[in-house]
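What follows is a single structure, written as structure tokens, with notes after it.
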Amino acid sequence: MNQRELYQALGANNEEDLLRHFPSRYEDLHVTPIPAAPKDKERYVFKGKITSLKAINPRGTSIIRFKVSLFGGEPLSCVLFNQPFYLSKLSVGKEMLFVAYYSLARNAFVIHSLHDLDSYYVMTGLRPVYTLPKGVSPSYFTSVLRKLLSYPKEASYIVSPLPPRLVEKYRLINEYDAFRCVHLPRDEKDLYQGLRVFKYEEALSYCIRSLSLKKQADERKRSPYSIDHNLINKFVKNLPYKLTHDQLLSIKEIVLDLESDTVMFRLLQGDVGTGKTIVAFAALYANWLRKKQGVLMAPTYELALQHYNNALKVFASYPIKIGFLAGASQGKKKALESIQKGEVDILIATHAAFSSDVVFDDLGLSIIDEQQLFGVEQREELLAKGKGTDVLMMSATPIPRTLSQIINGDVRVSTLNEFPHGKRNVRTLRITSKDPLLHKAVEKALAAKRQVFIVAPKISDAEKGPSSAESVYQDMEEHYPGKCLLLHGRIKKEEQEKTIDAFTSGEKPILVSTTVIQVGIDVSSAALLIVYDANYFGLSTLHQLRGRIGRSGEFALALLVYDGEEKDAIEKLDTLVHSDDGLKISEFDLRQRGSGSYGGTNQSGKSELKVANFVSDLNVFQTAREDAKEILANPGDRDNAAYLHSLDLDKEINLA
């Protein structure tokens, strides 16, 4: 690989882009003492000399067995699985540093990584670990970074984008040293100083963007509307089920916002199954009473289709015209014309609603379902679709109010805590793929004529790694012939619709899929969820998947399949086993993921945050939020203007 290919693989345009590809984590290489009786699955770091070495390949599996003498102590039995490339680094008599997890069952140390003693990382005790695209080797990437950091300090990327007074106020080290501290830390203090710079930069940029969006909404004054509350009450009473107190309160808050002389910017949050969708429909109905168009946007085709079918049922007795729009849906040209002419009152859509082709006659309300899957920029695009458009964001990932204010830019929040059918009766267990309970649970669900969701992390075995939906489907079809369906994003939309219909009707009760079902397919009678290689998913995703079952209030079972021994993975899955509190789960997930943005990712999948974390760096965000308010209140200040220009926000806040 050459540098041009590296830039292309990482989507980098310049040297700074490469330097801003920060480590995803740091491996501690400080030596740890090994007790006489090592603990099962415990991590140990040790230095020693290789005294024996043997490689075997049973049934195509690479196994390297060797012993390590800890300079006078008894030799330790070590093993390496499926990493044959390490053979070139290992030799009898060589001294190295080893990172391993002890396996009581194997009575050996399973090697995680190994390093030469003269390595920079061994000498400092910290090794940056990068998430890199396929084809980019960590050694080549780090060699390029080292070369960049050996340049003179006059390089262009040492100039901080921050207003100088903030650099001085928080005593932040210069940009060049910060990059060096993050990529080549000499010790923990070094790393802390470097990360401190970039965490604050990210937090300030994020807060500026989210607060500027709220500021734009607040500044859009309009004539107040009058909505007939009696008609809203009648709409609620005509529903075939009774709404919870939280749902009624949320509808009231939204209607009052819609009547206000300022644009609504509200978040509706509630755990999976608390009934956010019907609140959204009530909001769209209230918006229709204002004689305005409304759009409800979902992140997946499956969820958008489900919302569309539900909307047709809910509004069947009303003269409301409902449209549907997806990326490659049939009749798209005609649909676009109807939207522009005002012939569509409520549009249900995927992210296709962002397209410049979608022009509304008079858009009054934009609703973004699962808003955490969209970034701040997408919210800005929807706001711009109409004049004074009200915005309602919905999320099934409940978070504390303080955190919500930071993530969502001081938006008003409505929360659903109650479940329409009372508390759910869902039990969660962590099992292995060989556990007989797996098939017993499927058989029991089928005998009770209830549906089964089975989820795998990837589509096919062409991709290396965990279980695939296609292989799991074949296995299940062998066990339960004629009862299984397969669903994933590469299947044609028409086939997806037929598959979903066959599953929801109970014609074929087992659905094997990828996470396309995470935020869609509402089947109240579904009783069983099986997630293969559950460790590959975030906790919030697993919690949402679990929300697909037990929706009627009857008993349901969620089985998290994991065959590994990693301590972090087991801790993560057991958190879900012992808790159904969406708030606690989302906090744990945010903390454990380290970097990454709850606030959303753009359509290319890039995270808005790379080093900052909403939970562990909450104080940084709170400080940055106050600084962001000051900058937005004084956009004409020279330093503030230069900073806003660096974020491409000078036009949005009317800077010359």
Side-chain angles (χ1 to χ4, degrees), residues 213 216-217 220 254 258 263-268 276-277 279-281 283-285 287-288 290 292-312 314-315 320-396 408 411 489 493 496-497 516 518-520 599-605:
L213 188 58
Q216 289 176 54
R220 294 186 182 185
I254 292 167
L258 295 177
V263 170
M264 175 177 74
F265 210 60
R266 182 175 288 277
L267 171 70
L268 174 65
K276 295 180 294 297
T277 304
V279 174
F281 286 165
L284 289 165
Y285 175 68
N287 179 63
W288 177 73
R290 299 189 302 177
K292 295 273 186 181
Q293 288 175 295
V295 58
L296 170 56
M297 192 187 62
T300 66
Y301 175 83
E302 293 76 19
L303 182 57
L305 182 64
Q306 179 182 301
H307 283 332
Y308 175 67
N309 290 328
N310 285 341
L312 290 176
V314 169
F315 296 114
I320 297 176
K321 294 167 223 148
I322 300 169
F324 180 77
L325 185 68
S329 53
Q330 289 185 339
K332 185 177 179 180
K333 186 177 179 182
K334 187 177 178 182
L336 292 174
E337 289 174 358
S338 298
I339 294 164
Q340 189 166 4
K341 289 178 182 177
E343 295 170 355
V344 172
D345 299 312
I346 295 174
L347 175 66
I348 311 294
T350 60
H351 62 269
F354 290 132
S355 170
S356 57
D357 295 340
V358 181
V359 179
F360 292 89
D361 176 53
D362 187 12
L363 181 63
L365 175 62
S366 291
I367 301 179
I368 308 173
D369 196 5
E370 299 302 332
Q371 68 88 28
Q372 74 276 9
L373 300 178
F374 299 98
V376 176
E377 289 179 10
Q378 278 76 39
R379 295 177 226 165
E380 289 172 345
E381 288 171 16
L382 262 191
L383 252 185
K385 289 286 183 184
K387 296 176 181 177
T389 304
D390 291 300
V391 176
L392 177 66
M393 300 176 289
M394 301 199 296
S395 174
N408 299 297
V411 297
K493 300 303 179 189
Q496 286 191 32
E497 289 180 37
V516 292
Q518 177 185 343
V519 286
T601 58
N602 60 31
Q603 288 309 114
S604 67

(request) Report the distance from atom CE of Met264 to atom CD1 of Ile254, rounding to the nearest 0.5 Å. (result) 6.0 Å
(message) Taking the side chain as everything from C-beta on, heavy atoms only, tell me whether Lys341 gets closer than 4.5 Å to Asp361.
(response) no
(message) Strictly distance-based, threshold 3.5 Å: is any side-chain N or O of Gln293 a donor or acceptor partner for the main-chain N or O of Val344?
(response) yes
(request) Flag the pair Met297 / Asp369 as yes when at least one side-chain heavy-atom distance between them is below 4.5 Å, and no otherwise. (result) no
(message) For Gln340, give me all partners under side-chain contact (heavy atoms from CB on, under 4.5 Å), at least two apart in sequence or on another chain.
(response) Val359
(request) Compare all side-chain heavy atoms of Val263 with those of Thr389 and state whether any distance is below 4.5 angstrom. (result) no
(request) Just do the side chain to side chain contact (heavy atoms under 4.5 Å, CB included) check on Phe281 and Leu296 with the steps written out, would you? (result) CA-CA 9 Å; Phe281 286 165; Leu296 170 56; 3.9 Å; yes
(message) Less than 4.5 Å apart, side chain to side chain, heavy atoms only: is that true for Ile322 and Ile348?
(response) yes
(request) Please round to the nearest 0.5 Å and tell me the distance separating atom CH2 of Trp288 and atom CD1 of Ile346. (result) 9.0 Å
(request) Specify the closest pair of heavy atoms between Ala326 and Ala352, including all atoms of both residues, with the distance to one decimal. (result) C-CB, 3.9 Å
(message) With rounding to the nearest 0.5 angstrom, report the OG1 to CG distance, Thr350 to Leu303.
(response) 10.5 Å
(request) List for me each residue that meets side-chain contact (heavy atoms from CB on, under 4.5 Å) alongside Asp357, sequence neighbours excluded, and say none if there are none. (result) Leu336, Ser355
(request) Side-chain contact test, heavy atoms from C-beta onward, threshold under 4.5 Å: evaluate it for Val358 versus Phe360 and give yes or no. (result) yes
(request) Indicate yes or no for a side-chain donor-acceptor contact from Asp345 to the backbone of Ile320 under 3.5 Å, with no hydrogens or angles considered. (result) no
(message) Minimum heavy-atom separation for Met393 and Phe265, please, with both atom names.
(response) CE-CE2, 4.5 Å
(message) Can you tell me how far apart CG (Leu325) and NZ (Lys332) are? Round to the nearest 0.5 Å.
(response) 6.0 Å
(message) Tell me every residue that passes salt bridge (charged side-chain N to carboxylate O under 4.0 Å, His left out) with Arg290, counting only those two or more places apart in sequence or in another chain.
(response) Asp390
(request) Sequence neighbours left out, what passes side-chain hydrogen bond (donor to acceptor under 3.5 Å, both in side chains) with Lys292? Give chain and number order. (result) Tyr225, Asp362
(request) Could you tell me the separation between the CD atom of Glu343 and the NZ atom of Lys334, rounded to the nearest 0.5 Å? (result) 9.0 Å
(message) Quick check: closest heavy atoms across Ala349 and Ala304, and the distance to 0.1 Å?
(response) O-CB, 3.9 Å
(request) Calculate, to the nearest 0.5 Å, the distance between atoms CG and NZ belonging to Leu347 and Lys321 respectively. (result) 14.0 Å
(message) For a 4.5 angstrom cut-off between non-hydrogen side-chain atoms, does Arg266 reach Val391?
(response) no
(request) Answer whether the closest heavy-atom distance between the side chains of Ile367 and Leu365 falls below 4.5 Å. (result) yes
(request) Determine the minimum heavy-atom distance between Phe315 and Tyr285, stating which atoms define it. (result) CE2-CB, 3.9 Å
(request) Please name all residues satisfying side-chain contact (heavy atoms from CB on, under 4.5 Å) with Glu497, sequence neighbours left out, ordered by chain then number. (result) Tyr301, Leu305
(message) Less than 4.5 Å apart, side chain to side chain, heavy atoms only: is that true for Ser366 and Leu392?
(response) no
